[in-house]
Amino acid sequence: MSRPSIGTLRGAASLDDESYVDFVEGMRAFNLSRMVPRLVQSGDAIGAGMAAQSPRPRVQDLFTALDHVPAAQMARRMMRSTQMMMWRGTGDTYRRIAGELEDWLKQAEAAAPHLLRIDPAFAYPDYFRAQDIHLQPGNYHDDALAGFVFHYGSKVFFTGGNDDDRLHNVMAAWCPIDGSPQRIVDLGCGVGQSTTAFKLRFPEAEVHGIDLAAPMLRYGHARARELGIEVHFTQGDAAALDFADNSVDAALAMILFHELPPEVAEGVVKEAARILKPGGTFTIIDFPHIAAEELSGRHCMRLFDSWYNGEPYAPAFVHSDFTALLKAHFGDVDPDYRPAATSTGALQIRVCRKTA
Ligand SMILES: C[S@@+](CC[C@H](N)C(=O)[O-])C[C@H]1O[C@@H](n2cnc3c(N)ncnc32)[C@H](O)[C@@H]1O
């Protein structure tokens, strides 16, 4: 018999499976709190020494220098292993109850077909199919259970900090949205945790989640239905949206842009600017900018994430002058929005307002 749900997350197939994933989450928490800070400190210290050298070494040289620091080796090994164990544990457990899960998705689809638009002939862009992002087997689109697996995996990733959508609810509350919005769009919505958070914040608004990946949307739709929250999920490319010009009050892209090649990122910014009404806001929550020449521990972690954790497009995004791109399309851009009395952690929030 499958396990009870964990907050808004569908339960595992058995207690053994749940215990395994819980163990992996504990290992990840240990690594993040004890080992990764030592890698970062070593990277900062060695990087500071390198910065004084002439010619100035590159961040790749600092990355290699960390190969000789035992704590950094340990942090990297644990990062990669816990990620792989996380996907194995979450994928295996849901595959054991795949029939039950598929029935649950179908029931939701039969009960509320108008809230889910999937195109069976949808052609996924090449950049999206090129790699399993975050090492998730089958990526977001090529495993019927990807939504379940992603949600359970992200529970481990956030080491419990996003249980019950806590983080997404906070992030949706951060978005500066005026008055009573009629329509809100969540771009790259994944399993729809910020989509439902918006509806909880603005019950009168029509809220849409847009994503490329059908399995993510199917799961998001069934999950929202189980929560009793009525939101729309549509398969589509955030760089080619199906909304009319000036028809949306607010849009969000939460941890989407670092997964896009530069030309797609530009397309998404253009589309957000097109669909928003004058005065409407586009909030972007993502990795912070890092200068390509920065010799630091956090820069080495970002490269590690790209090379060993399936994030092919993240370095180009963090190195780019993304704020300049936003300013080319929006009249008013706050590149470092700080919600009052709240820490934004390792994320940078940019808020754009359409002025005309
Ligand atoms: C890291 S997940 C973030 C999901 C969600 N925003 C969250 O905070 O949990 C990135 C999502 O963006 C989607 N995605 C990637 N490229 C996209 C595009 N061009 N248009 C729409 N969605 C896209 C992926 O399928 C994936 O679900």
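Keep in mind the model is a prediction, meaning the values are calculated, not measured. One-based numbering, in listed order, for ligands and for the atoms of each. Residue indices begin at 1 and follow the sequence shown.
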The single option from Arg117, Arg225, Arg218 passing salt bridge (charged side-chain N to carboxylate O under 4.0 Å, His left out) against Glu109: Arg218
Pro181 vs Ile177 side-chain heavy atoms within contact, under 4.5 Å: yes
Close-contact set for ligand 1 against His168 heavy atoms, below 4.0 Å: 7 (C), 8 (O), 9 (O)
Identity and separation of the nearest protein heavy atom to atom 6 (N) of ligand 1: Gly188 O, 2.7 Å
Test item: Tyr94 and Arg10 side chains (from C-beta on) under 4.5 Å apart, heavy atoms: yes
Min heavy-atom dist His141 to ligand 1 below 4.0 Å: no
4.0 Å heavy-atom contact, Cys189 with ligand 1: yes
For Leu260, atoms of ligand 1 separated by under 4.0 Å from a heavy atom: 16 (N)
Subset of ligand 1 atoms that lie under 4.0 Å from at least one heavy atom of Met216: 27 (O)
Donor + acceptor pair across side chains of Tyr313, His258 (<3.5 Å): no
Leu212 neighbourhood, listing ligand 1 atoms whose heavy-atom distance to it stays under 4.0 Å: 16 (N), 17 (C), 18 (C), 19 (N), 20 (N), 21 (C), 22 (N), 23 (C)
Contact check, side chains of Gln348 and Asp336, non-hydrogen atoms, under 4.5 Å: yes
Cluster link Leu295 to Trp307, ILVMFWY, side chain under 4.5 Å: yes
Those atoms of ligand 1 less than 4.0 Å from some heavy atom in Asp237: 18 (C), 19 (N), 20 (N)
Distance-minimising heavy-atom pair for Glu100 and Ser2: OE2-OG, 3.3 Å
Non-hydrogen side-chain atoms of Phe63 and Phe304 separated by less than 4.5 Å: yes
Close side-chain approach of Arg201 and Cys175, heavy atoms under 4.5 Å: yes
Atom 25 (O) of ligand 1 - nearest protein heavy atom and its distance: Asp211 OD1, 2.6 Å
Option nearest atom 14 (N) of ligand 1 (shortest heavy-atom distance, choices Ile285, Leu252, Leu256): Leu256
Met254 N/O to ligand 1 N/O under 3.5 Å: yes
Protein heavy atom at shortest distance from atom 2 (S) of ligand 1: Tyr140 OH, 3.5 Å
For atom 10 (C) of ligand 1, the protein heavy atom that lies nearest, with its residue and separation: Glu259 OE1, 3.4 Å
Numbered atoms and elements of ligand 1 in range of Tyr127, under 4.0 angstrom, heavy atoms: 15 (C), 16 (N), 17 (C), 18 (C), 19 (N)
Between Thr196 and Arg223: side-chain donor-acceptor atoms closer than 3.5 Å: yes
Residue Gly236 vicinity, atoms of ligand 1 by number, heavy atom under 4.0 Å: 20 (N), 21 (C)
Side chain to side chain donor-acceptor pair (under 3.5 Å) partner of Tyr124, the single match among Gln235, Arg129, His141: Gln235
Atom indices of ligand 1 within 4.0 angstrom of Ala238 heavy atoms, with elements: 18 (C), 19 (N), 20 (N), 21 (C)
Contact check, Phe157 vs ligand 1, heavy-atom distance below 4.0 Å: no
